[in-house]
Each structure stands twice: as structure tokens, then as C-alpha cells.
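Just dropping this structure here.
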Amino acid sequence: MGKVTGFKEYARELPPKRSAQERINDYKEFTGCFTDDKLNHQAARCMNCGIPFCHSGCPLGNIIPEFNDAVYKENWEEAYRILSSTNNFPEFTGRICPAPCEAACVLGINKPAVTIEEIEKHIIEIAFSKGLVHAKAPLIRSGKTVAVIGSGPAGLAAAAQLNKAGHLVTVFERDDKPGGLLRYGIPDFKLEKWVVERRTKLMEEEGVVFKCNTEVGKDISADELLRAYDAVVLSGGSTIPRNLPAPGRELKGVYYAMQFLKQQNKRVSGINFEEESIMATGKDVVVIGGGDTGSDCVGTSNRHKAKSVTQFELMPKPPEARTENMPWPTYPMLLKTSTSHEEGCERSWGINTKEFIGDENGNLKGVRVVDVEWETDVFGRPLKFKEIEGTERVLPCQLAFLAMGFLHPQKEGLIEQLGVELDARGNVKATEGVYQTNVNKVFAAGDMRRGQSLVVWAISEGREAARRVDQFLSGRTALESKDAESMYAF
Ligand SMILES: Cc1cc2nc3c(=O)[nH]c(=O)nc-3n(C[C@H](O)[C@H](O)[C@H](O)COP(=O)(O)OP(=O)(O)OC[C@H]3O[C@@H](n4cnc5c(N)ncnc54)[C@H](O)[C@@H]3O)c2cc1C
Ligand code: SF4
């Protein structure tokens, strides 16, 4: 433990951010860094708990008290070694993770949690700046080949781990650049794309081959793939968005969130796209769906200089603090005000969109909405809603984004050709911890297996699936696991 009294002496602080008025004029990240003193104080707040709940809160099993201690002692090499032993890409999670570790931090019982996510980001960026991060190609190659389908965080993590184990890994990606939603979903103002490219370049130097603009199931058949590779990891994400089949859905001006976000990331990177350009400039924008994707549409619309931005959520407004139904250390479903919300957005909860209204040319001009009230169970969980009489109204809207989550992976092509079994939700069926599908030598990880989730879970699944693939190919594995006891247990 760095400083015994640290948690009593220092308050939780976050690094400074550029003001909302300033940052909506560009797409750059806006969170600064701690000064050396501030970083030291934040690390000193860690109590090195006897039972560090932060570990179990983190899907990667990050060894948090140990790296906090190393940061406090300014032992950057040690901090980086500890952090990178469980997380291949702390530069992603340090920027965009909702930090379930912080929700589980013991300090959170009666004080604000340790700033674990920021400390993580500082460790990896300091490690890069000190030249501690470099390509480490394996000394011996196994001669076995693995195809990874999809280059999101799950595919990247699986590829990095399998390459480390000595296998020859090829990552197939249908987009023009690797990164999955890190590249073409999450906006630059949350994660600048040089951060993704810095990592994929390192992976290439380590020996991972990326084949972009290649859709498996279309450009290469599943059969060809099975013949050419000793193992296959499916990590194609959960890409089919939930629709809102209300009257007027076909109007010009109603889009899925990803149609908007993907092309904006391309625009920022100067990459051409063929689709019709969607701009929020001067428009009344309505974002339907209250999650991360919706919040990214809000931030992007404000950067386009929309006339107004409103976000609807069908569910009731969540509480601002833990209730007795969500005690520490569970992950609390609290009201989240994202940095995009801070930039300007009207937020409405308990509101249902009944109709998209168009003008004579088929352009969206308004949305018909109604307020709803929810019936809840004894734990306060919403069960069903009913409309509140007299609240139906039409709001002006020329651009609406559907951001109500994703249903399951695309079935046409890869999944159908392979004949992999799907679970009840339509995701690829492969038990957690095993990751093997019903098709011999085919494994699955990330959103394609667990359904729409988080970057940290995708990395965790990619790493754990890689262990299973390594065991399958080599009969044993020395790859690290989040479950330390299972290491070397084969
Ligand atoms: C807009 C948005 C914002 C988000 N923000 C956050 C956030 O702030 N924090 C967070 O933790 N999570 C966030 N998420 C969730 C997170 O991005 C995902 O959970 C995560 O990226 C899933 O990783 P993955 O590797 O499983 O799949 P993806 O990242 O979806 O990658 C799958 C890749 O596979 C490729 N692919 C699919 N099929 C084929 C095929 N047949 N052949 C070749 N390539 C194929 C796709 O093109 C894609 O590049 C966000 C999601 C969205 C949509
Ligand atoms: S739970 Fe919080 S205080 Fe305890 S070891 Fe983890 S980060 Fe430190």
C-alpha cells in the first residue's frame, strides 16, 4: 500500500476537461492529464484492501491495488507490467470503460471510489511515452494457423494472445480499417483513432496479419476458411440494430444511429464513403434510446451544430444514488450524465415515440410522442407501461436517430455458411469459459457470443477464448487468465 492515510488525506479528483462550449467545435478528446502530484495523490487513495472488490468488479480481473501502489512509487515499468498482464489494450479501457471496477471499489462504501480508470490511462500513456511499449514477436512459432473474424476489441485481444502463444494469426475485417466499433462506432471525441492505429501497428509488427475489406461469408467462403486454418475465432460483433417500426419509419430523416456515427468517424479521418451524407446542422434532432450509442449521437449532433438535440428514453428516470435494491458492490443502474449530455441536450424519460410525421416530399418534420407511466415489481424494476392520457403531442424534428440497442449478429453469410448453433437471443452459442461452438475448431467471443456489451468484456472474452484455442491447438496453454487459479490448469 502506497500511503496508509492517502484515502483520508486526498479527495477523488478527475483530470481537467476542456469546456463544453470549446470542445463542440472539434472532434478531439477533451480530457487532460493529472499533474505528477495529482496522479500520485489519486493512487495514494487506494487502501490495498484485504479483499479488493475492484478485482472482481473488473471483467479482466485487473490487478488494481498492485498497479496503484506502483504508480504511487512512480515505478512505471512495474505498473505497466502489472496492467498489461491482464489487459492488452488499457489505452482503450482507460478512455471509454464505464469502470465497473470503480462501482465495486471498497472506498465507494462511504467515499468516492479510487479513480481507477484514469490511473489506468495514465499508466499506459506514460509507458508509451517512456518507450516501455514495443512489439514483442514470439520467439518460436507453433506452425498452427488461426483465422480471427472481426477486428473489434474481442478479435484484437484474441489475435494478440494467440500470436503471443506462437500461432500464425490472420484477422479478417470487412471494413477498410481494423478496430471494429473502436474505429467505426465510438466517436473520435471519446477515442481518437490514432490510439487504435498505434495498437494495430504494434500488432502487425508482432506478426499479426490484417486482411481488411474482406467479408468472410462473401469474399471468402466459410468452407475455404475451415480448410485453410487450424482454428477459427468468430468475433464479428452484434451488428443488427433494434428497429422502431412506427408509422413513418421509412421517411427521409429517420436513421439508425450507426448510419450516422460510422460516416462521421470516416469524415473525421478523411475517408470517403458512398452512403448519403447525414448532417444534423441546423436541425431539430431527436435521439431515441438513452444508452451510450444515443449519447454518442447527441455529442456528434452538437458538433454538427444542430438547432436542438433531444434524447428520449422509454424507461423511467433512474435514481441518482444507490438504492437499497442496488447496494455496493453491485453495478448500480444510476442516472448517467455523459460528457455529451453536458454539451447540451434535453433529456426525457418515460416517453414513447408513436409516429414519425413527414411533409409532402417524404421528409421527416415531426415526431408524435406520448408520456408513459411504469408499473414496477417489488424491487422497483419496471414491468409494463401505460400511456398517460392527454400527454400525446407532436414535436418538431427533422432528424431522428434510432439508438435502442442491437439484437444479435448478422446471420446471412458467415454464420449460416458455418452452421453454428445460435442461442435463444440469436447470438452464437458457445458457453462462457469454453467459447467452443458446435462446429469443430470454431470458437466465438465478444458481442457475437454474449450480445451487445462493453469493450472491457470484449477484451476479456477475446483473451479467454484465446486460451481455449491455444489449449485446442497445443494441448496446453500458458496464456494468462483472469481466473489466476485456472492458469496452467489444463
Ligand atoms: C456507438 C457505440 C458506442 C459505444 N460506446 C462504448 C463505450 O463508450 N464503452 C464501452 O465499453 N463500450 C461501448 N460500446 C460497446 C462496444 O463498442 C462493443 O461492446 C465492443 O466493440 C464489442 O466488441 P467486439 O469485438 O465483440 O465487436 P465489434 O467491435 O462490433 O467488432 C466486430 C467487427 O467484426 C467485423 N465483421 C463482422 N462480420 C464480419 C465478417 N463476416 N467478415 C469480416 N469482418 C466481419 C465488423 O465489421 C466489426 O469491425 C459502444 C457501442 C456502440 C455501437
Ligand atoms: S477496492 Fe478500491 S481501495 Fe480497495 S484495493 Fe481496489 S481500488 Fe484500492
Side-chain angles (χ1 to χ4, degrees), residues 1 6-7 43 45-58 62-69 92-93 95-102 104-109 111 113-116 119 148-158 171-175 177-187 190-191 211-220 222 225 234-239 241 257-258 260-262 265 291-297 300 329 338 403 405-406 409-410 412-415 417 444-459 461-462:
M1 180 174 185
F7 70 99
R45 294 186 72 234
C46 176
M47 304 184 292
N48 195 2
C49 303
I51 301 177
F53 277 71
C54 52
H55 271 251
S56 42
C58 174
N62 276 350
I63 309 163
I64 293 162
E66 277 75 4
F67 70 57
N68 282 340
D69 186 46
F92 305 152
T93 46
R95 285 173 165 82
I96 53 162
C97 192
C101 55
E102 292 185 16
C105 172
V106 177
L107 203 50
I109 296 175
K111 278 176 185 285
V114 173
T115 53
I116 303 169
I119 291 173
V148 173
I149 320 303
S151 65
L156 291 180
V171 180
F172 291 91
E173 172 53 59
R174 67 180 168 200
D175 271 324
K177 284 185 184 288
L181 289 170
L182 300 167
R183 187 74 190 69
Y184 285 138
I186 297 171
K190 276 166 65 181
L191 176 69
K211 288 201 174 163
C212 291
N213 295 312
T214 312
E215 179 164 353
V216 180
K218 191 170 148 204
D219 302 312
I220 302 182
L225 197 77
L234 305 179
S235 47
S238 173
T239 49
M258 281 302 296
F260 180 53
L261 296 174
K262 184 171 180 177
N265 286 14
D292 269 340
T293 308
S295 158
D296 291 346
C297 290
T300 305
S338 71
F406 297 83
Q410 176 188 315
E412 306 80 58
L414 173 67
I415 288 184
Q417 287 180 20
D447 282 9
M448 195 170 225
R449 190 200 73 80
R450 69 181 292 122
Q452 183 198 6
S453 185
L454 296 173
V455 168
V456 67
W457 269 115
I459 300 173
E461 293 231 338

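Both ligands and their constituent atoms are indexed starting at 1 by order of listing. The analysis underlying the following values was restricted to heavy atoms, covering all of them including side chains, and did not include hydrogens, waters or symmetry mates. Since this is a predicted model, take the numbers as computed values, not measurements.
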Below the 3.5 angstrom mark, is there an N/O of T293, backbone or side chain, next to an N/O of ligand 1?
no

Please write down residue, atom name and distance for the protein heavy atom closest to atom 15 (C) of ligand 1.
S453 O, 3.3 Å

Is L156 touching ligand 1 with its side chain, its backbone, both, or neither, if touching means heavy atoms under 4.0 Å apart?
neither

Numbered atoms of ligand 2 (with element) below 4.0 Å of P65, judged on heavy atoms:
5 (S)

Taking distance alone, with no angle check, do A154 and ligand 1 share an N/O pair under 3.5 Å?
yes

If the cut-off is 4.0 Å to any non-hydrogen atom of I64, which atoms of ligand 2 fall inside it?
7 (S)

Close approach of G217 to ligand 1, heavy atoms, under 4.0 angstrom:
no

Flag C46 as yes if one of its N/O/S atoms falls below 2.8 Å of atom 8 (Fe) of ligand 2, otherwise no.
yes

What do you reckon, does E215 have a nitrogen or oxygen under 3.5 Å from a nitrogen or oxygen of ligand 1?
no

After noting the C-alpha distance and the side-chain angles of V455 and I186, does the key distance pass the side-chain contact (heavy atoms from CB on, under 4.5 Å) rule?
CA-CA 10 Å; V455 168; I186 297 171; 4.2 Å; yes

So does C49 have any N/O/S atom less than 2.8 Å away from atom 6 (Fe) of ligand 2?
no

List the closest protein heavy-atom neighbour of atom 37 (C) of ligand 1: residue, atom name, distance to the nearest 0.1 Å.
G236 O, 3.2 Å

Geometry only, no angles: is L414 polar-contacting ligand 1 at N/O separations under 3.5 Å?
no

D447 to ligand 1: N or O pair under 3.5 Å?
yes

With respect to D175, which candidate in K211, K262, R183 satisfies the salt bridge (Lys or Arg N to Asp or Glu O under 4.0 Å) definition?
K262

Distance (rounded to the nearest 0.5 Å) between T214 OG1 and E173 CD:
9.0 Å

Under 4.0 Å to a heavy atom of I116 - the qualifying atoms of ligand 2, by number
7 (S)

Where does V106 meet ligand 2, judged by heavy-atom distances below 4.0 Å: at the side chain, the backbone, both, or neither?
both

Distance-only N or O hit between ligand 1 and L181, under 3.5 Å:
yes

Heavy-atom pairs closer than 4.0 Å: do any link ligand 1 to the side chain of T214, the backbone, both, or neither?
backbone

Looking only at heavy atoms, is any part of D296 under 4.0 Å from ligand 1, and if so is it the side chain, the backbone, or both, or is it neither?
side chain

What about V455: any of its N or O atoms under 3.5 Å from an N or O on ligand 1?
yes

Is there a donor-acceptor pair closer than 3.5 Å between any side-chain N or O of R449 and the backbone N or O of S235?
no

Distance-only N or O hit between ligand 1 and G179, under 3.5 Å:
no

Return the closest protein heavy atom for atom 50 (C) of ligand 1 as residue, atom name and distance.
I186 CG1, 4.2 Å

Please state which part of K190 comes within less than 4.0 Å of ligand 1, counting heavy atoms only: side chain, backbone, both or neither.
side chain

Nitrogen or oxygen atoms of I96 and ligand 1 under 3.5 Å apart
yes

What distance do I119 atom CD1 and E102 atom CD have between them, rounded to the nearest 0.5 Å?
8.5 Å

With a 4.0 Å cut-off on heavy atoms, is S235 touching ligand 1?
yes

Please confirm whether F406 comes under 4.0 Å of ligand 1, counting heavy atoms of the residue only.
yes

